[in-house]
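Residue numbers count from 1 along this sequence. Quantities reported herein were computed from a predicted structural model and do not represent experimental measurements.
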Amino acid sequence: MSGRKSPEKQSIFDRLTDHTQYTGAHKHRFDEGGKGRGIAGREELVNIDGSTESSARRHAVEKTVDHVERAGRKPVVQGALGQQKFGTQAETPITIWLYRNGDKHFKGVKFIVKKTIRNVEQFVAEAGKSGCSPKSGVIRKIYKQNMKTIIKDITEFEDGEKYLCCGAEKPQDDPEHIPAAFLE
């Protein structure tokens with residue numbers, strides 16, 4: 001034998017400190033003689049000679065850890081993570097103003113069209129909850145400020161614009177019944 005005790009007769013301390021038993025990334029933390037490499041066993045070290053790097057003089061990067069085992073693995077998080085600047089990176093929602101048909105004193109409701117709202121039916125349900133339902137019934141049609149164009153798709157909403165929510169009735173042609181803030 002090479003002077004080592006058999007695994008059954010070694011103490012727990014001897015077994016835990018035996019560098020030949022380490023596997024995976026940890027086996028690179030020791031040299032062939034069993035001496036620990038310190039930080040060199042965990043990171044790449046760059047030898048800098050005090051001068052700036054040029055095409056004639058490159059700083060040597062010593063890869064002290066063999067990364068061959070990781071070559072086929074993909075990163076866990078893919079995409080633009082770490083490329084954006086600050087905060088949560090999300091698309092800006094569209095902000096619109098909704099007005100109730102036939103209520104001339106209604107000041108309007110600021111409504112945010114989030115990306116979670118995918119169609120007009122979902123929009124109508126959310127707009128009804130915000131207090132913009134017509135006097136009678138539920139929202140059936142949504143008109144642009146020209147009161148001729150009906151919104152049929154969620155992509156037709158424009159940021160900062162005003163819209164009139166109507167039930168089964170047509171929008172009031174009489175300016176006395178249209179909210180004053182909608183006409184401005």
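Under the side-chain contact (heavy atoms from CB on, under 4.5 Å) criterion, Val109 pairs with Phe106, Ser130, not counting sequence neighbours. Residues forming a side-chain hydrogen bond (donor to acceptor under 3.5 Å, both in side chains) with Thr155 (at least two apart in sequence, or on another chain): Asp153. Not counting sequence neighbours, the partners of Glu158 by the salt bridge (charged side-chain N to carboxylate O under 4.0 Å, His left out) test are Lys144. Lys141 is linked by a side-chain contact (heavy atoms from CB on, under 4.5 Å) to Tyr143, Ile150, counting only residues two or more places apart in sequence or in another chain. With sequence neighbours excluded, the residues forming a side-chain hydrogen bond (donor to acceptor under 3.5 Å, both in side chains) with Asn146 are Thr149, listed by chain and number.
In terms of heavy-atom proximity, Ala181 sits nearest to Lys162 at O-NZ, 2.7 Å.
Residue Ile112 is found outside any hydrophobic cluster, as its side-chain heavy atoms come under 4.5 Å of no other Ile, Leu, Val, Met, Phe, Trp or Tyr. In the hydrophobic clustering (ILVMFWY side chains linked at under 4.5 Å, chained through shared members), Val113 is joined by Ile94, Ile96, Leu98, Phe111, Ile117, Val120, Phe123, Val124, Ile139, Ile142, Ile151, Ile154, Phe157, Tyr163.
No donor-acceptor pair under 3.5 Å is formed between the side chain of Arg100 and the backbone N or O of Pro179.
In this structure, SG in Cys132 is found 9.5 Å from CG in Asp103, a value given to the nearest 0.5 Å.
At least one side-chain heavy atom of Phe182 sits under 4.5 Å from a side-chain heavy atom of Met147.
Listed by first then second residue, pairs satisfying salt bridge (Lys or Arg N to Asp or Glu O under 4.0 Å) with a partner in residues 112-132 read Glu91-Lys115, Glu126-Lys129, not counting sequence neighbours.
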